[in-house]
Amino acid sequence: MSDEFSFLVDSREDAIFRAEVRGWIEANVPRTLLNRAFRIEPAELRPWHRKLYERGWIAPHWPKSAGGMGATLDQQVILYEEMVRVGAPTPYPHGLNFIGPTIIELGTEAQKAKHLPGILTGDVTWCQGYSEPNAGSDLASLKTRAELVGDEFVINGQKIWTTNGHFADWMFALVRTDPTAPKKQQGLSMLLIDLKTPGITIRPIKTIVGDAEFAEEFFDNVRVPKENLLGKLNDGWTVANHVLGNERFATGTPRMAAELIEQTKRMAAATGAMDDAVFRDRLAALVIDHMAVSAYYRHGAQLHGAGKASPAASSVMKIQCGELAQRAAALLADAAGDYGAVYGDVATPDGPVHPTAPTFEARRMSVGSGTTEIQRVILARRALGLPN
Amino acid sequence: MELLLTEEQTLLRGAAAKLFARVAGPAKLRGLRASNSGFDRAAWDEIVAAGFLEAASLGATELCLVLVEAGSALCTLPVCAAAACAIPNGTLVLPALDKVVPFAAEADGFLTATGVVARDTLTVTPLRLVDGSAAGEIRERLDPPADRVRDLVLLGQGAELVGVMDRAFAIALDYLKTRVQFDKKIGSFQALQHRAVDEFMEVEISRSLVFQVAAAFDRGQGNAAMAAAVKARASAAALRVCKTALQFHGAMGYTDEHDIGLYLKRAMALAAQFGNEAASRRRFAALAGIERG
């Protein structure tokens, strides 16, 4: 996607920074990782993570005192945009964006010393233990029990839909520590769990894409030291909300849709779909909608930079980016015509394009980290003030 | 989301809101529907005297700030079209961008590729519009003015449409919070909440698009494709938001007595003038290189 509709306005320093980032990424990103149709497993991503770490750019949003870059939001956005511009993968967010910043803010000195270095280097992979078989959108009804016995929590229960659960070394998990609390949001705690602890069984789950993105974990009398509690006992809901709020916005650009629009154009030129006026109109509508969401994103980023961030923005971006990417994926499959069911790369004069993988890759965007329906409930209550 | 404005811009917006609340509004519009021309000369003179037709000389952002207020107050006067022509000294000159031009019968002349053509040298057939305003069909073929005039008109109409849909949505949201059925506020029903959120997003995204494009023009980075995109997107959004707002009001929304219908009608007029959603999207596609292979 060209930058002409992305409403970029870099200050002089930011323009210099962007040029530096662009040059460095082009020189350093492993070619084999570029423009991959499917997600990449953590082990294959690790050398790239390491390079970013060594350059000092792995944690732009972390404060310098914690080993981060202490970058402005604009610089964070630039780093992210320049990576996706060339189709480079961005590091997984669970350590860097979710639990890392939460440990920095709420963790003990011992927790910071133990966990932050591994997140930065990429040597330690994290996963998020939230969902359970009967606690999805209604997360607060989760049942995995952690009982404080002496100096240890004893954990029994099950987590599911854990992205990278079978690749991860550590999990941050929301567990029930006080089953007698009057409200279900009370009585929860956030625990940091070493997944090598005896009593944990992990089973990968094959996804609709065909790979194993996520896993389920069974906890059978798993003993975790008391000092692995993050934040206060029975205050896990607050900690979890903290995690959810962490730097969502910076990574919320509608870039996946932008990439799919480019692929759709390539595919449509190759198959002749571009000669169809109806197809061109649908493509134009999609490009315009992408431009509009980009404008919203840029507006939100400017407010963020001015210390006036809108609380609605991250939910709106999540809904819009997911729906935009899904529409783009559908149009790409349409553009492929009779190649539209091919499960593999289709050659075009402008490079290979996979006509079906994006349909599945884009599905996760409206389900993971709170479905678009839950985001709408959040907006109805918090942004519009509609009654319960 | 709020706009990041300078102090001068905030003052300008406040002044525009005050003026349009006085010279326009639902009650005034109802009066105009019954008048012969649909044109409020006294209101027009006040708007000209206040200097709002020169807002574009301050910047595209300033013009859009003024026009959001005009839209929100249901002002049907051709502020956007006249401001884009930037003809000083109070004469009403409108751009010859289409055969149908709002308030053509009231205009002194039309801006074309070769300058201003006086109205009395042309045949103009008067038309009444759905929102209570008027337009004229120009019989003669005129060459349209430079692209920058069209760009400013399309962008400005986008701003007016944002004003219209923003106000209509606010009225509908208020109704969701007060109307009781099944012993509950109807805004507590999830089916309506999700629809309300969808319309909220339309308003928010349209506003961001208008003002990001305006800012791009003010930096000298705006282009005709962006302006066409604004018109296409804002037209679709405003019609959708206003129709949902009507639906939220149930039978009340179908009455002439309730103001909510005035916003839908105003959105229809703005959307149709100088390139509707489909025409603007075709224009965008051609400008953005979405063309036959």
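In the text below, chain A, chain B and the rest are named by the order of the sequence lines, each starting its count at 1.
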Chemist: Check whether B:Ala196 gets within reach of chain A through its side chain, its backbone, both or neither, counting any heavy atom under 4.5 Å.
Modeler: both
Chemist: Please classify the contact between A:Gln320 and chain B as side chain, backbone, both or neither, with a heavy-atom cut-off of under 4.5 Å.
Modeler: side chain
Chemist: Can you tell which part of A:Ala306 gets under 4.5 Å to a heavy atom of chain B, answering side chain, backbone, both or neither?
Modeler: side chain
Chemist: Check step by step if salt bridge (charged side-chain N to carboxylate O under 4.0 Å, His left out) holds for A:Arg280 and A:Asp275.
Modeler: CA-CA 8 Å; A:Arg280 289 200 303 274; A:Asp275 294 335; 5.5 Å; no
Chemist: If you look at every heavy atom in A:Pro60 and A:Gln76, which pair is closest and at what distance?
Modeler: CB-CG, 3.9 Å
Chemist: Would a 4.5 Å heavy-atom cut-off, applied to side chains only, mark A:Ser141 and A:Asn134 as touching?
Modeler: no
Chemist: Against chain B, label A:Asp276 side chain, backbone, both or neither, depending on which of its atoms sit under 4.5 Å from a heavy atom there.
Modeler: neither
Chemist: Locate the shortest heavy-atom distance separating B:Arg266 from B:Leu74; write the atom from each residue and the value.
Modeler: CB-CD2, 3.7 Å
Chemist: More than 12 non-hydrogen atoms from neighbouring residues, nucleotides or ligands closer than 6.0 Å to CZ on B:Phe189, yes or no?
Modeler: yes
Chemist: Out of A:Lys318, A:Arg376, A:Arg363, which residue meets the salt bridge (Lys or Arg N to Asp or Glu O under 4.0 Å) rule with A:Glu323?
Modeler: A:Arg376
Chemist: With only heavy atoms counted, which part of B:Val213 is less than 4.5 Å from chain A, the side chain, the backbone, both or neither?
Modeler: both
Chemist: Which of the residues B:Arg207, B:Lys184, B:Glu204, B:Glu291 is involved in the greatest number of heavy-atom pairs with chain A at under 4.5 angstrom?
Modeler: B:Glu291
Chemist: Can you tell which part of A:Asn388 gets under 4.5 Å to a heavy atom of chain B, answering side chain, backbone, both or neither?
Modeler: backbone
Chemist: Give the ring-plane orientation class for B:Phe20 versus B:Phe52, where under 30° counts as parallel, over 60° as perpendicular and anything between as tilted.
Modeler: parallel
Chemist: Among the options A:Val293, A:Leu379, A:Leu303, pick out the one with the most heavy-atom pairs lying under 4.5 Å from chain B.
Modeler: A:Leu303
Chemist: With chain B as the partner, which of A:Ala380, A:Pro387, A:Ala284 has the greatest number of non-hydrogen pairs under 4.5 Å?
Modeler: A:Pro387
Chemist: Among B:Arg219, B:Arg282, B:Glu277, which residue forms the greatest number of heavy-atom pairs with chain A at distances under 4.5 Å?
Modeler: B:Arg219
Chemist: Show the nearest heavy-atom pair for residues A:Ala325 and A:Leu260, with the distance to one decimal.
Modeler: O-CD1, 3.5 Å
Chemist: Side chain, backbone, both or neither: which part of A:Ala277 has a non-hydrogen atom closer than 4.5 Å to chain B?
Modeler: neither
Chemist: Go through the atoms of B:Leu192 and report whether side chain, backbone, both or neither lie under 4.5 Å from a heavy atom of chain A.
Modeler: neither
Chemist: Is the ring pair B:Tyr175/B:His249 parallel, tilted or perpendicular, if the boundaries are 30 and 60 degrees?
Modeler: parallel
Chemist: Chain A: which of B:Gln190, B:Met201, B:Lys185 shares the most heavy-atom pairs with it under 4.5 Å?
Modeler: B:Met201
